[in-house]
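As C-alpha cells, the structure follows; a few thoughts come after it.
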Amino acid sequence: MLKTLGAQIKEFKRDSVLTPVFMIGEVIMETIIPLLMASIIDDGVTAGNMKHIYFIGGLMLLAALSSLILGILGGQFGSRASAGFARNLRKAMYENIQTFSFSNIDKFSTSGLVTRLTTDVTNMQNAYQMILRMCMRAPASLICAMIMSFVISPRLASVYLAAVAGLGCVLAIIVTQATKHFSQAFPKYDALNESVQENVSAIRVVKAYVREDYEIKKFKNASNNIYKIFCKAEGIVVWNGPVMNLTVYSCILLISWLGAHMIVQDSLTTGQLMSMLAYCMNILMSLMMLSMIFVMITMSVASARRICEVLEEQADLANPEQPVYEVKDGSILFDKVSFSYKKEAESPVLKDINLDIRSGETIGIIGGTGSAKSSLVNLISRLYDVTEGQLKVGGVNVKDYDMEALRNQVAVVLQNNVLFSGTILENLRWGNKEATEEECRHACQLACADEFIRKMPDGYDTYIEQGGTNVSGGQKQRLCIARALLKKPRILILDDSTSAVDTATDARIRKAFTEAIPGTTKLIIAQRISSVEHADRIIVMHDGEINGFASHEELLETNEIYREVYEAQMSGSGDFDEKN
C-alpha cells in the first residue's frame, strides 16, 4: 500500500523532503528561545546587566523571526506537496478507471468510485500534510525539549518523563477506541453518495411518483448513520483535551513547587525554572499533536486502502504483444462460445454459441428479457472476454486486435443512451472528433435526427444538458445512432436503440442504413419483430442459447417461439416476455 501511494508523490518529492527540514528548523529555533530567556533573567535582569539583556533579546528576536520564516516555508511547501499528492492520486485513479473493462467496473459502484475520488483523497491529502508537518514537528519538539530539560535539571525533567509516560498510555487508549469508529465511517459515505446521485439523476421520476418524502427519509437515514458513528468517535477523542489540561497543570504545579524549593536551596535559578515551565508546555503540547496525528492517520488508513483498491485494480482485458490494427471486414464468427460474468458462476450466461455472420449482413436479434441479447453483442467489441471458445471479427480473433482499433470499427449504441453536457455537434463528434459539420448533418439525416435538430433555436449548436435531459427519449436515441454512424464502422450494433421512436421513423432509419452503409454489418436488437423482420437473418435468443437463426419467413415456419410472438404482436397483445 505504501509503495502504491508513494509512487504518486512524483514531482513533489522535493517539497516533501524540504517540508520536514523546515519544520525541524522551526523546532530548533523554538527550543533555543527558552534558553535565551533564562540567560536574560539570570545574567541580565538579576545582575542588572542591560547590555546583556539587549544582546540576548536581539538573539531571541532573531530566533523568533527565523522560527516564523521556517514555519511559513514549511506550511507553503507542505501544502504544495499534499495538494499535489492529492491531485496525482485523483489523476492516477481516474486514468486507471478509464482502462477498466466492464467486468472491472462491475466490482465498484458508481457512488463508491465518486467517494474514493473525493472524500477519501481529501482524507489522504490532510493526512499527508500532517505527516510532513506535525509528524516531524511534534516528535522533534518533544525530543529537543526533553533533552534540554535533562540538561537543565534531571530531577525536574523526571516529572516530565513520568507525565509523558502516563499521558502516552491514556492517549493510546483514546486513539485505539476512536479509530474503531472512524474506520466504519468512511464506507458509509458510499451509501450517502449513492442516495444523492440516484435522487438527482432520477429527479423527474421521483417527482412523477411523488416519492420526495421517501427519498428524503432514505437520505436522512444514510446521513444519520455517518452522524452517529462520528459522534461516537468524537465523543472519545474529546477526552484528549481534559486529560491534556489535567496533565499540563499538574506538571506546572509540581515543577513550580519543586523548583521553588530548589531555588531556595540554590540548586536551580529563576531563569532555569522559567525555561523548564516553557519546555513543559512544549513537551505536553507535542504529545497532544501526536495523539491527533494518530487519529488522523488511522482515519486515513481506511481511505488509503480504498484508494489502493482502485489504483491496484488491473484491467481484465489487455492488448496482445503484437496486436492487429486493421479490421478487414465486418464478418463475425462465434465458435462454441460460452460466457459468464463471474468465473465462479454456476451456469454460463451464454452457452455454446455458434454463429457465422457475413460482412454487410443485417442481423436482427430477438429474445425475451434476460435471454442474453446484450451479453452476446458486448463480446463483439470486446467489452467482455469470452469464457470458452473463440470469437472472430474480420477473420481475426478479437483477442488479437488492438482494443482501440477494434472498438473504432465496432460502433455500439447501447441500451442506455448517454449524452454529455455540450452542444449537439460536440456530442456527435464523440463518434469522430475530426468530423465536419456536413458529415455530422449527413449522419443525423440517416438517423432521422436532422429534422428535429433544425427546429431547435440554435440548431446543431443547441446545448445539451448533462445526461440529455432537455431532449426526449426518441431524440436522444437518434442522436446516439448518428454519433455511432460518424465512426464509419465495419460493424454497427443497435442494442434496442429504436425502442423510443415510432414505427415509421424506425422504418426510415432501417431504410437509410440499407442504402447508405450497405457494406457495414448491422446487428439490431429489438423487442418488436417489425423492427427486424426485413433483416437478412434473425437470431432468436432464449435462456442464453440460440433457439433459431434464419430469415423471417423461415422462422415463421420452423420456430415456435418466433411464430407465437409474431402472431401475438400482430394482434397487438404480446411480446417476448409474455407467456402465450
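Numbers here simply count residues along the sequence, with the first being 1. Below, each value reflects all heavy atoms present in this structure, side chains not excepted, and no hydrogens, waters or symmetry copies.
Counting heavy-atom neighbours within 6.0 Å of Glu11 CD, excluding the residue itself, gives a total above 12. Taking a 6.0 Å sphere around CE of Met60, one finds it holds more than 12 heavy atoms contributed by other residues, nucleotides or ligands. Within a 6.0 Å sphere centred on CZ of Arg407, other residues, nucleotides and ligands contribute more than 12 heavy atoms. Within 6.0 Å of atom CG in Leu253, more than 12 heavy atoms from other residues, nucleotides or ligands are found, so the atom counts as buried in its surroundings. Residue-environment remark: NZ (Lys218) exceeds the threshold of 12 foreign heavy atoms within 6.0 Å. Within a 6.0 Å sphere centred on CZ of Phe55, heavy atoms belonging to other residues, nucleotides or ligands number 12 at most. Other residues, nucleotides and ligands place more than 12 heavy atoms under 6.0 Å from the CD atom of Gln98. Other residues, nucleotides and ligands contribute more than 12 heavy atoms inside 6.0 Å of the NZ atom of Lys10.
No option in Leu273, Leu156, Ile263 other than Leu156 meets the side chain to side chain contact (heavy atoms under 4.5 Å, CB included) test with Leu258.
Between the Asn224 side chain and the Tyr227 main chain, no donor and acceptor come within less than 3.5 Å of each other. Remark: the backbone N or O of Asp461 is not paired with any side-chain donor or acceptor of Asp458 at under 3.5 angstrom. With hydrogens and angles disregarded, a donor-acceptor distance shorter than 3.5 Å links the side chain of Asn319 to the backbone of Met403. A distance-only check finds no donor-acceptor pair linking the side chain of Glu215 to the backbone of Glu212 [under 3.5 Å]. Within the 3.5 Å criterion, the main-chain N or O of Phe420 finds a donor-acceptor partner in the side chain of Asn427. Between the Ser250 side chain and the Leu246 main chain, a donor and an acceptor come within less than 3.5 Å of each other. Side-chain atoms of Asn96 never come within 3.5 Å of backbone atoms of Ala92 as a donor-acceptor pair (strictly under, hydrogens ignored). With hydrogens and angles ignored, the 3.5 Å screen pairs a side-chain donor or acceptor of Ser275 with a backbone N or O of Pro34.
Every pair tested for salt bridge (Lys or Arg N to Asp or Glu O under 4.0 Å) that includes a residue from residues 96-105 fails, sequence neighbours excluded, so the list is empty. Here side-chain hydrogen bond (donor to acceptor under 3.5 Å, both in side chains) pairs that include residues 131-153, with residues two or more places apart or in two chains, are Glu26-Arg137, Glu30-Arg137, Ser141-Ser286. Here salt bridge (Lys or Arg N to Asp or Glu O under 4.0 Å) pairs that include residues 89-104, with residues two or more places apart or in two chains, number zero.
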Derivation of the side-chain contact (heavy atoms from CB on, under 4.5 Å) call for Val121 and Met93: CA-CA 10 Å; Val121 172; Met93 290 172 67; 4.0 Å; yes

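With rounding to the nearest 0.5 Å, the separation of CE in Met124 from OG in Ser82 is 11.0 Å. Between the CZ atom in Arg382 and the CG atom in Leu379 there is a gap of 11.0 Å [rounded to 0.5 Å]. We find the CG-CG distance between Asp402 and Asn408 to be 9.0 Å, quoted to the nearest 0.5 Å.
Listed by chain and number, the residues in a side-chain hydrogen bond (donor to acceptor under 3.5 Å, both in side chains) with Glu309 are Arg116 (sequence neighbours excluded). With sequence neighbours excluded, no residue satisfies side-chain hydrogen bond (donor to acceptor under 3.5 Å, both in side chains) with Tyr401. Here Tyr54 pairs with nothing under the ring-ring contact (aromatic ring centres under 6.0 Å, His included) rule; sequence neighbours left out. Scored by the ring-ring contact (aromatic ring centres under 6.0 Å, His included) test, His261 finds Trp257 as partners (sequence neighbours excluded). Scanning for side-chain hydrogen bond (donor to acceptor under 3.5 Å, both in side chains) contacts around Thr387 gives an empty result, with sequence neighbours left out. Under the rule for a side-chain hydrogen bond (donor to acceptor under 3.5 Å, both in side chains), the partners of Glu312 that lie at least two apart in sequence or sit in another chain are Thr4. Scored by the ring-ring contact (aromatic ring centres under 6.0 Å, His included) test, Tyr384 finds Phe102, Phe339, Tyr341 as partners (sequence neighbours excluded). The side chain to side chain contact (heavy atoms under 4.5 Å, CB included) check on Ile236 picks up Ile174, Gln177, Ala178, His181, with sequence neighbours excluded.
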Would you list the atom pairs, donor with acceptor, under 3.5 Å between side chains in residues 66-81 and any protein atom, with sequence neighbours excluded?
unit_1: Ser66; atom_1: OG; unit_2: Leu62; atom_2: O; d: 2.8
unit_1: Ser79; atom_1: OG; unit_2: Gly75; atom_2: O; d: 2.8
unit_1: Ser79; atom_1: OG; unit_2: Gln129; atom_2: NE2; d: 2.9

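Proximity of Ser421 to Tyr463: side-chain heavy atoms (C-beta onward) are separated by under 4.5 Å at one or more points.
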